[in-house]
Amino acid sequence: MARDLAALRARLESLGAQHREERVRPVVALPRLPDGCRLEDTPFGPLAVRRDWFDAAPAEPRVAIPRCLPFLPSELERPVFLDTETTGLSGGTGTVAFLVGIAWPDDRRLAMAQFFLSDLDQEKALLWAVGQCLSAHRVLVTYNGRTFDWPLLQTRLVMLKATEGWPDLPHLDLLGLVRRIFKPRLPDCTLRTVEEAVLALQREEDLPGWLIPSSYFGWLRGAPLSALEAVFAHNRQDVLSMPLLLSRLEAILDDARDLDPIDRFSRARFLEARRLEEEALVEYRHLWDSGLGGFQRGALGIRLARLLGRKGQWQQARAVLEECWMTQCYPYPAAIELAKLLEHRARDPAAARRLVLEALSLLAVAAVPDARWQADLERRRDRLDRRLGLRAELPLALTG
Amino acid sequence: MSVESVLERLLSQDEFRRRLTLDHTLPARPARYAAFPEELDSRLAHALAARGISQLYTHQAEAARQALRGEHAVIVTPTASGKTLCYNLPVLHAMLTNKEARALYLFPTKALAQDQLAELHGLVGELKADIKTYTYDGDTPVSARQAIRQAGHIVVTNPDMLHTGVLPHHTRWVKLFANLRYVVIDELHAYRGVFGSHLANVLRRLWRVCEFYDSHPVVIACSATIANPRELAERLTGKPIRLIDDNGAPAGPKRLLFYNPPVVNRELGIRRSSTLEAQRIAEAFLRGGVQTIVFGRTRLQVEILLSYLQQSLANRLGDHQPIRGYRGGYLPLQRREIEHGLRDGTVRGVVSTNALELGIDIGHLDAAILCGYPGTIASAWQQIGRAGRRREAAAAVYVASSSPLDQYLVNHPEYFLGRDPEQGLIDPDNLLILSAHLQAATFELPVGMRERFGSAPVVELLRVLEEDGSVHQAGDSWHWSADAFPAEGVSLRSAAADNVVIVDVTRGARVIGEMDQFSAPTFLHEGAIYLHEGQQYHVDRLDWEEKKAYVRPVKVDYYTDANLAVTIRVLETMQSRAEQTLPVNHGEVRVTALPTIFKKIRFHTHENVGSGPISLPEQQLHTTAFWMEIPSAVARQFPRPALQGALQGVANVLTQVSCLFLMCDARDLGAYAETRAVHSGAPAVFVYERYPGGVGMSARLFETAAAVIAAAHQLIAACPCEAGCPSCVGPALEVGEEGKATTLKLLQMAAFQAVA
């Protein structure tokens, strides 16, 4: 057999097939499991599992999140946190979750189980155990699980023909919330960045993501355990960050006082989007009065004015818009909103027209021309001209 | 004017009549009908009636019957004889009777897929049924993909998308695969050579996935007229196939003419340009008001023809664009517009490249002009087939170019008429291609220990892959174990990875093509003139490390020719026999090629007008080849330099003639002559395949060796040049002043006479 293989290899070689530089060592028979892993029974054979318990702060009732998102407080009392490590990031049927880390509150601690695929033909056991674990809880919490981990697990279930009986839990992907509140300010929303910026957590010596698949495959082929241990540690850290992040997000949604003003503004926009308009209004007002500056002030002014308008508080809205206009904060949208207000609420089309003309002349000398506002302002001017009866005379005057 | 009157006018001109080598009438064919199969849902019959179809042709009825019976079949139909109904009927029937049924349609190009959709929508609309049809390819917006996967009843796609976009993600397509009733493969004849060998493997993967979801789809394939449609279909699909070739579609009588432009320079063997001749003939038809289609060989030729015709007819036919170009690259909207114009008569003429690029709805015209031989007899018939409506007379005129193949054909019209069209050849078990798809298959579903994949040594291949680290054996199957996406690295249109990419620097670094690594130093060295789609390009720079050739369009009066130091080593002789007294063989060879210098050769005069060095590494190619040996008794009768020239002449003409017998391009083959072959010490001429591992062409050459050699002999004998020209043995410069005579003598002695 070996001789034929050599001939085949020689044939393939000469045909020009590409090969990796290093030859990989043949598979080693015995599994050597990472520290703390034990074999547990499942109906599909033994499965390697590592269990840990961590101290945790007692979970407080979640009230803020249920107000903003479609989850019940009772569900959020029994969360289960999940993160997977996979053999590739490109998805597809050939990508496997080889390590699934799951944590949940257990009495006053946080229990964690890491289900590990000690060989590629043990997925049925792993998926069964994961499914069992998840069914005991009420809501699934992940970080980017909606587009990555969960679809991957679904694919594995189809591949193993094991979709029956898989739990169907409501899914809270923390990435969504994180993006809403922190994306404007942070360079990116990767878990690492968020850990540092929001949780003040620094990881030491963390394994870079791109090394994970090769660490697993290497181990499968007999490489020493150290790389795999690093993967386990990385996975534990990923999972542990989630309850912390959940608590922090709950706290932030509850009370914005300690937030960076930019984040506070993002939070307020989120509340407005979730129809919590009273609260959003209070926040916008606070930010406005306390002098939130920079490029955001204009956007803030517009939103505040619009919301005030929706609540019928036209005078206040006008004051805000006038300030925007005077201080050249996002002046063109402000002018447009103010013109609308002057025309329809204050019933002063002449004043509206004056404003529009001022805005147009400002736009004409702007260093950076902006076509969006140009078109709108011109239409507005023309309409106001007609309304004020100024339109008809124009052609004659021009030909004079 | 009618077609007949135009023909009469042309034939009355001496000049024209004398250049004809064929004036043949293909008789009319009446329609033959058959009843709608009883099993077909009656709503279908009603829907067809509403569209003016009250009966089916024999082949349509037969196709539907076989499909409903669950038999895989291939339907052979000439152009536009209602073939789409052959598959749409059984597919729609399945969907009318079962809401969950699904079907997959495969087309080689997106343009054809688009046309298909238009046709389907029409029928489905008539049926007023909830049957959703979509194309799924690279252009499908991401937002639509999810919906298509879930709800699409008929998914229209192409092999490349199936290969990288569907199969490796099959868990997202559960609905499709679990309920797949039919797989429709149209334009089957397009899947030959390397492309076909790849598709055969993609289909192997498709059947694996279907088996996983427990579905057993029926294959309905459609092919143009080739010599071996059933064999090709069976090799592509791996399934037993029924042949349906009882074509019931009607055809009016058709006059077929072969025209050979006159020689204008005897010494050099130059003929009047076929482009201009084709233009004149097309004008005669167009001026007579006959709706005409003109086929050119390359895009450039099409553009030239188009602009000539538009200019010269501008005054005559008004300026509302009566002559249009037609290409696959056009947007669907443009194509619909032209088709519409053809139907309502506002478009009088169309200039196009090959028939494959034509949509189904272009219908029939009254005259077809073929400017140059399209490369295969099968496509020539397809192009001829574009002329001819149901009852009126039509005409097709083939205008030969000066290429050796064209000259052979135009001078041997009996060959064209009498011969079966070429065979479609593929080698689905080409080890390089197969192993690439075996990897993709492993990614899609773990490979079981006892599983078969073609006739390959699966276990050994997997062990090799395991050594590489791509797969891992766990339990009783092999799993994918690499952080990579195997399908992405495999192009279905090439056999080797790492092709050299050809970049046109004047169009913002646009990639215009690719070439295999082995051939690149010969054709893409710095200073080479590279011909692509009829346009000349100068190779400014070849970045060998990056595998990129930077080229720029030019118009020069010379071509370049690289001198190669070639050695061919026979690794294994697989078959051998004596053809008359000439030993012919077929086997595996290793070709080593090192280009040394290149020459610049002026057109027509063949003067040497310059040269330059080539400094690139030696290339190795492990492939299959056909070779013939010259018995020493014959070789002895020629002085050494004459023998060298004659062998070279044989090599040149063999390459050309091989293309007649295989459906391939001259660029798919390489030829080489040696006065002392390494393995035998005797003179030999090799024809090898440029695709690593070969795709079955050398085997076919071996089988038809007698006919090939005879054709080579005929071609040289009939060539009007004096001492050799590119149309036969090659320019005298290459084969010697007596080269042509010597080559002929050599062939005669070796092949046709007993050696004293």
Side-chain angles (χ1 to χ4, degrees), chain A residues 1-2 4-27 45 86-96 98 117-124 151-152 154-161 163 209-218 220-221, chain B residues 164 167-172 174 209 212-213 430-432 435-436 439-440 442-446 457 459-461 463-489 495-498 516-518 571 588 590 620-623 692-693:
Chain A
M1 184 61 81
D4 286 351
L5 185 58
L8 181 66
R9 164 161 293 292
R11 287 190 71 192
L12 283 179
E13 201 115 296
S14 59
L15 280 174
Q18 291 182 306
H19 297 288
R20 303 254 192 87
E21 286 302 307
E22 320 153 350
R23 291 269 181 270
V24 170
R25 272 186 296 150
V27 182
T86 63
T87 58
L89 291 173
S90 47
T93 47
T95 304
V96 166
F98 68 85
L117 204 63
S118 51
D119 208 345
L120 292 174
D121 62 341
Q122 294 183 355
E123 275 195 280
K124 266 216 149 111
L152 185 91
Q154 298 296 345
T155 299
R156 301 323 303 164
L157 291 169
V158 174
M159 294 291 288
L160 273 302
K161 305 205 172 171
T163 46
W210 57 269
L211 270 181
I212 293 177
S214 51
S215 305
Y216 177 63
F217 290 132
L220 267 186
R221 294 177 181 119
Chain B
T164 54
L167 288 173
H169 299 278
H170 61 79
T171 53
R172 298 197 210 160
V174 181
V209 170
F212 180 73
Y213 293 101
N430 173 306
L431 219 48
L432 201 60
S435 62
Q439 290 188 57
T442 315
F443 183 90
E444 282 146 20
L445 287 165
V459 174
E460 282 92 334
L461 274 174
R463 293 236 173 86
V464 170
L465 289 174
E466 183 182 45
E467 269 188 26
D468 273 351
S470 325
V471 306
H472 171 89
Q473 188 186 2
D476 59 0
S477 41
W478 299 80
H479 299 248
W480 182 251
S481 64
D483 176 17
F485 204 74
E488 247 162 30
D498 260 8
D516 63 284
Q517 221 180 29
F518 179 78
L571 297 175
E588 275 188 30
R590 179 160 57 234
Q620 264 201 18
L621 176 68
H622 183 140
T623 184

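As the structure is a prediction and not an experimental result, all values here were calculated from the model. Basis for what follows: all heavy atoms, side chains included, without hydrogens, waters or symmetry-related copies. Sequence lines set the chain letters: A, B, ... in the order given, protein chains first and strands last, and positions in each chain run from 1.
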Nearest 0.5 Å please: distance from the CG atom of B/Leu167 over to the OG1 atom of A/Thr93. 8.5 Å
Say whether, by atom type as modelled, one donor and one acceptor occur between the side chain of A/Asp121 and the main chain of B/Gly475 under 3.5 angstrom. yes
Please rank A/Gln122, A/Lys161, A/Arg156 by heavy-atom pairs under 4.5 Å with chain B and give me the top one. A/Lys161
Can you tell me which of B/Thr171, B/Leu445, B/Thr442, B/Asp476 forms the most heavy-atom pairs within a distance under 4.5 Å of chain A? B/Thr171
Nearest-0.5 Å distance that lies between atom OG1 in A/Thr95 and atom CZ in B/Phe443: 4.5 Å
Between A/Leu157 and chain B, which part of the residue has a heavy atom less than 4.5 Å away: side chain, backbone, both or neither? neither
Smallest separation among heavy atoms of B/Phe485 and A/Ser90, with atom names: CD1-OG, 3.8 Å
Full working for side-chain contact (heavy atoms from CB on, under 4.5 Å) between A/Val158 and B/Arg172: CA-CA 9 Å; A/Val158 174; B/Arg172 298 197 210 160; over 6 Å; no
Side chain / backbone / both / neither for B/Val471 at chain A, heavy atoms under 4.5 Å: backbone
Which bit of B/Phe518 comes within less than 4.5 Å of chain A, counting heavy atoms only: side chain, backbone, both or neither? neither
Find out whether A/Arg221 and B/Ser481 are in side-chain contact, i.e. whether some heavy atom of one side chain is under 4.5 Å from a heavy atom of the other. yes
Where does A/Thr155 contact chain B at under 4.5 Å (heavy atoms): side chain, backbone, both or neither? both
Of A/Thr87, A/Asp119, A/Leu120, A/Val96, which is the lone residue that meets side chain to side chain contact (heavy atoms under 4.5 Å, CB included) with B/His479? A/Leu120
Taking every heavy atom of A/Met159 against every heavy atom of B/Glu444, the minimum-distance pair comes out as CE-O, 3.1 Å
